[in-house]
Every structure is written in C-alpha cells, then in structure tokens.
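See below for the structure under consideration.
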Amino acid sequence: MKKKIVYVGLAADIVHEGHINILKTAAKLGNVIVGLLTDKAIASYKKLPYLEYNQRKIILQNIKYVDQVVEQKTLDYVKNLKSFKPNYVVHGDDWKIGIQKKTRQRVIKTLKLWGGKLIEPRYTRNISSSKIKNKISSFGVTPQNRVSKLRRLLNVKKIVRILETHNSLTGLIVENLNHIKSSNINEFDGMWSSSLTDSLTKGKPDNQSVDYSTRILGLNYIMDVTSKPLIFDADNGGRIEHISYLVKTLERIGVSAMIIEDKVGEKQNSLFLDQSRTKQDNISSFCNKLKKAKNSKISDDFFIVARIESFILKKGLKDALKRGVKYVDAGADAILIHSKEKNPKEIFDFSKKFKKLKPDCPLIAVPSTYSKVKEIDLIKNGFQIVIYANHMLRAAYPAMMNVAKKILKNERSFEVEKKITPIREIINLIK
Ligand code: SPV
Ligand code: MG
C-alpha cells in the first residue's frame, strides 16, 4: 500500500526534543515532508533565525524521521499543502492560541478539501526555541555575528527599521520592544547612533565637537546590553588619513555600517535652515574617501554607506543621481539620500531613477521632516532601510522639561508622580 504523506512545517532554528517528538509522531503516520520556513518567512513574524536556511536544511535532512525537506516561503501553509496534498499535518498543540491561530485555521480548512487531518501532539512542556534563544542572548553576541546581521536582514526584510539610540537604555528599547499587528510582530531591527543626539545629550552642538573616541566609548555601553545591529553616523568620516582607523575600530566593536556624508569644512546639521556655510565635497575626493574606507574594512558584511546631501544643499536631482552612481562605483555598499522637505517627493524622484541605474544598491531614507510617509510607501519606492534618526531624544526632552517645570512651580514633586514611572517599576526596570 502506498505510504501516506505527512507534512510538518518547521522553522527548526534551534532543534530540541520537542521537534523530535513531533517528527517521530509524524514518521509513524507515513512519509514525512518537512516544510522548512525560509529566512524570509521567519523574519516576517519574528526575529531572524540564528542559522541560515541551508544550514537548517542540512540538519533536518539528517534526522532519521525526515524523508524530504521543502521550502515553505510563508508562515501560511496553504500553497505547500495544495501542492503536496498531505494526508496529515502534524503540529504541536501550542499554536491553538497566539500569533499562529489563524494559520492553524487555514490549515484545517485546506486539509478538508481532500479529507486530510491535522494531528496535534501535546506541546512538550518546559522546552521551546524561544526559551533557549533567551538563554543564548543572555550570553551576548560576538562582534562578527552582529556585524553580519544587517546584511542578513536586508536579504529577508522588506524594510529594515532602525531607531535612534543615544544610550544603553534606549538601546534596550530597540532590543526588546515589539508590537503585535494581526499575524506579524513589528519590532525595530537595529539602532542608529546619531551625531545629533550624541552631541545634544552632552550639551554640545552637532558640529563634531564631540569626537569619535567619545562617541565610540558610548557605543561600547550600548553594545554591552544589546544584540541588534547598529548603524553609525560618522559625519563626513573625518580626515582621510584617519579613516582606516575609524573603520577598524567600528568593525571591531561590532558596528554593522558607517554612514559618511559628502560634506566638507564647517559642519552644520543638515536639518538647519541656513546651510550657507555648508560645502559639499567634490565627487572625486569623496570617492577617494569611500575607497579608502572600503579598503580598510575586513568583513564583507560591514557596510560603507555614502550619504548624499545634494537635496539639502539645493543642488537638485541631476547632481544627486550623478553622485549616487559615482559613489556606488567607488565602493559604497548603500546610499542614504537625505532630504528635509515636508514630503518625500524628491527622494522618490531620486529612487525611481537611481534604482534603474543601480538596482542592487540598497537605499536608505531618514524621514525626519517628511514623517507622514508610511513604511509601505518607502518600500514601494525602492527603499530598504528607514532610520528614525532622533526620536528617542525628542521624546525624552519635553517629558523631562515638563516634570522639572512642574516641580519648580509646585515646590514639591507630588504633582508629577502620575506622569513618571513609579519607583517600584523603575528599580526593577533592568532585570
Ligand atoms: C543625525 O541624526 O545626526 C543625522 C541625521 O545625521 S540629520 O540630523 O537629519 O542630519
Ligand atoms: Mg549626523
């Protein structure tokens, strides 16, 4: 008699005895096809897997209960179920609640089409990949592992979402916060070390008076308590003869990308209205800087990003495009096209043309002034990274001012108690 077909959908990043129980149950029922979730499918609803698809595939192919491993490209099973028409699907009963509830219902509905059955062995108690992952992340992350995360995220995410982080506490917000939206878990993918907020937190202007050494010292504290990738705002990269030291230091501590802007001379923050004292670098000397940075890095995964300031300096689309192409040819791994317009029109005009010239080069947007733009529209217009560049500091400042003012006004702190974190919570903020 022909053996029955049994389908098991798995992420199988960290294989534990719970998986083996499922596969053993499945093997008793017939030939086991594992629908192995691709990295993209996993990243659509939770963190990137530790192991890449091919590594996970090799492990599964060598488990004796598994007959075949196929790609499952979405969290949803329906497409694969329709093509393999299994007699059984086996899944632990834990998915009856939580984020996979809908996926389960769709599996049941689809199996009904040919009389297939869902088998749900009891979830193995006290073991789960998430528990093991939490344990592993408490050990920390190696610099190399962190550096490569940005490239891996770019391969699997529609858009990589980055938030400004000016100290360890804001780093922990990026690390731990998530928001569940239908069957997706939205989270920040990484951190932005901003020259603006690094300077302001030290009571200094954003004009490179806070030097790289000071900023890197701050990064170390952030890296100590986080595992997500970090993008470093390197202003204009400093003097060309120093750039290789900066690249090496950043790479050594696990930074994933450094962004260099094409400005020279006296530094002004790009969002200042008056840019009359700001000069743009000429193309060939900026390309030399990029080449020098590129030649100094050790890992292919470390990104050298060129930031184009043509729109900030009112030089127009043609200038921006010319620079974009030359910068990529000189070795830039990605382009940040900056703008301080109220809407994204000029950066969308840029991306439309640029993507035809350099389709493989990732584009970065910093929607500080055009904040109405939705991530979905950035995606549709060819952007792969979005940086929310200063929002944590802008959130903290008015909250602190308000509280300080109220204490002065009332000559006591009682009136602000309801607006601030209770003592019993703040002392337990860090577990
Ligand atoms: C920063 O955050 O320091 C930046 C982005 O460089 S901007 O402030 O828009 O120039
Ligand atoms: Mg800056």
Item to check | Asn31/Ile5 under side-chain contact (heavy atoms from CB on, under 4.5 Å): CA gap, chis, key distance, verdict | outcome: CA-CA 5 Å; Asn31 276 342; Ile5 300 173; 5.6 Å; no

Item to check | Leu113 side chain near Lys82 side chain, heavy-atom distance below 4.5 Å | outcome: yes

Checklist entry - Which heavy atom of Ile364 sits nearest a heavy atom of Ala334, and at what distance? => result CD1-CB, 4.4 Å

For residues 198-205, dump all side-chain donor-acceptor pairs below 3.5 Å to protein atoms at least two apart in sequence or in another chain.
residue : atom : partner : partner atom : Å
Asp198  : OD2  : Ser193  : OG           : 3.4
Asp198  : OD2  : Arg215  : NE           : 2.8
Ser199  : OG   : Ser195  : O            : 2.6
Thr201  : OG1  : Thr197  : O            : 2.9
Thr201  : OG1  : Asp198  : O            : 3.1
Lys202  : NZ   : Asp198  : O            : 3.2

Checklist entry - Quick check: are there more than 12 heavy atoms from other residues, nucleotides or ligands sitting under 6.0 Å from CD1 of Ile97? => result no

Item to check | Pairs satisfying salt bridge (Lys or Arg N to Asp or Glu O under 4.0 Å), at least one member in residues 351-368, at least two apart | outcome: Asp329-Lys358

Next on the checklist: Just verifying a value: how many Å separate Ile426 CD1 and Ile420 CD1, rounded to the nearest 0.5 Å?
Outcome noted: 9.0 Å

Next on the checklist: Quick one, Ile385 and Leu153 - any side-chain contact, counting heavy atoms below 4.5 Å?
Outcome noted: no

Checklist entry - Tell me, which pairs form a ring-ring contact (aromatic ring centres under 6.0 Å, His included) where one or both residues lie in residues 205-224, sequence neighbours left out? => result none

Next on the checklist: For Tyr397, give me all partners under side-chain contact (heavy atoms from CB on, under 4.5 Å), at least two apart in sequence or on another chain.
Outcome noted: Met401

Checklist entry - Which residue pairs pass the ring-ring contact (aromatic ring centres under 6.0 Å, His included) test with at least one member in residues 85-106, sequence neighbours excluded? => result Tyr77-Trp95, His91-Trp95

Checklist entry - Any side-chain heavy-atom pair from Leu23 and Ile63 closer than 4.5 angstrom? => result yes

Checklist entry - How many angstroms lie between CD1 in Ile312 and NZ in Lys340, if you round to the nearest 0.5 Å? => result 5.5 Å

Next on the checklist: Could you check whether any side-chain heavy atom of Ile22 comes within less than 4.5 Å of a side-chain heavy atom of Tyr65, counting everything from C-beta outward?
Outcome noted: no

Checklist entry - Looking at Asp300 and Arg151, does any basic side-chain N land under 4.0 Å from a carboxylate oxygen? => result no

Checklist entry - Taking the side chain as C-beta and beyond, is there a heavy-atom pair between Asp189 and Pro229 under 4.5 Å? => result no

Next on the checklist: Before you tell me yes or no, could you show the steps for Asn80 and Lys73 under side-chain contact (heavy atoms from CB on, under 4.5 Å), namely the whole-Å CA-CA distance, both residues' side-chain angles and the distance that decides it to 0.1 Å?
Outcome noted: CA-CA 9 Å; Asn80 273 12; Lys73 289 186 175 159; over 6 Å; no

Next on the checklist: Nearest 0.5 Å, please: how far is CE in Met392 from CH2 in Trp192?
Outcome noted: 15.5 Å

Checklist entry - Is there a donor-acceptor pair under 3.5 Å between the side chain of Asp67 and the backbone N or O of Val32? => result yes

Item to check | Pairs meeting criterion ring-ring contact (aromatic ring centres under 6.0 Å, His included) with involvement of residues 309-337, two or more places apart | outcome: Phe286-Tyr327

Item to check | Side-chain donor/acceptor of Arg323 to backbone N/O of Asp262, under 3.5 Å | outcome: no

Item to check | Electrostatic pair Glu52-Lys149, nearest N-O below 4.0 angstrom | outcome: no

Checklist entry - Does the pair Asp333/Lys294 count as a salt bridge with the N-to-O cut at 4.0 Å? => result yes

Checklist outcome for this item: The side-chain contact (heavy atoms from CB on, under 4.5 Å) partners of Pro422 (sequence neighbours excluded) come to Arg424, Glu425

Item to check | Candidate pair Leu75 and Gln100, rule side-chain contact (heavy atoms from CB on, under 4.5 Å), full reasoning | outcome: CA-CA 8 Å; Leu75 180 60; Gln100 294 214 66; 3.6 Å; yes

Next on the checklist: With no hydrogens and no angle check, just 3.5 Å: does a side-chain donor-acceptor pair link Ser213 and Asp211?
Outcome noted: no

Checklist outcome for this item: Residues Cys361 and Gln384: closest non-hydrogen pair is O-OE1, 4.4 Å

Checklist entry - Does the pair Asn207 and Ser209 meet the rule for a side chain to side chain donor-acceptor pair (under 3.5 Å), with working shown? => result CA-CA 5 Å; Asn207 65 1; Ser209 49; 2.8 Å; yes

Next on the checklist: Please list all pairs meeting salt bridge (Lys or Arg N to Asp or Glu O under 4.0 Å) that have one or both residues in residues 221-230, counting only residues at least two apart or in different chains.
Outcome noted: Glu187-Lys228

Checklist outcome for this item: Output for pair (Ile304 CD1, Ile260 CD1), nearest 0.5 Å, gives 5.5 Å

Checklist entry - Taking only residues two or more places apart in sequence, or in another chain, which ones meet Asp274 in a side-chain contact (heavy atoms from CB on, under 4.5 Å)? => result Ser276

Checklist entry - Any idea which heavy atoms bring Val141 and Ser227 closest together, and the distance? => result CG1-CA, 3.7 Å

Checklist entry - For Pro143 and Ile253, which heavy atoms make the closest approach, and how far apart are they? => result CB-C, 4.2 Å

Checklist outcome for this item: Scanning both residues in full, the closest heavy-atom pair of Asp13 with Tyr50 reads OD2-N, 2.6 Å

Next on the checklist: Restricting to side-chain contact (heavy atoms from CB on, under 4.5 Å), what partner residues turn up for Lys318, sequence neighbours left out?
Outcome noted: none

Item to check | Arg56 side chain vs Leu37 backbone, donor-acceptor pair below 3.5 Å | outcome: yes

Checklist entry - Is the shortest heavy-atom distance from the side chain of Leu246 to the side chain of Met258 under 4.5 Å? => result yes

Item to check | Of all pairs that satisfy salt bridge (Lys or Arg N to Asp or Glu O under 4.0 Å), the ones with a partner from residues 160-174, not counting sequence neighbours | outcome: Arg161-Glu375

Checklist entry - Is there a side-chain contact between Val70 and Phe84, using heavy atoms and a 4.5 Å cut-off? => result yes

Item to check | side-chain contact (heavy atoms from CB on, under 4.5 Å) evaluation trace for Asp319 with Leu313 | outcome: CA-CA 11 Å; Asp319 181 76; Leu313 301 169; over 6 Å; no

Checklist entry - With Thr165, which of Leu393, Leu172, Ile222, Thr226 fulfils side-chain contact (heavy atoms from CB on, under 4.5 Å)? => result Ile222

Checklist entry - Regarding Asn288 and Ser285, is there a side-chain donor-to-acceptor distance under 3.5 Å anywhere? => result no

Next on the checklist: Does anything in residues 338-370 form a ring-ring contact (aromatic ring centres under 6.0 Å, His included)? List the pairs, not counting sequence neighbours.
Outcome noted: Phe350-Phe354

Next on the checklist: Measuring only between side-chain heavy atoms, which start at C-beta, is Gln208 closer than 4.5 Å to Asn236?
Outcome noted: yes

Checklist entry - How long is the gap from CZ on Arg307 to NZ on Lys263, to the nearest 0.5 Å? => result 5.5 Å

Next on the checklist: Which heavy atom of Leu60 sits nearest to which heavy atom of Leu36, and what is that distance?
Outcome noted: CD1-CD1, 3.5 Å

Checklist entry - When rounded to the nearest 0.5 angstrom, what is the spacing between NZ in Lys158 and NZ in Lys380? => result 11.0 Å

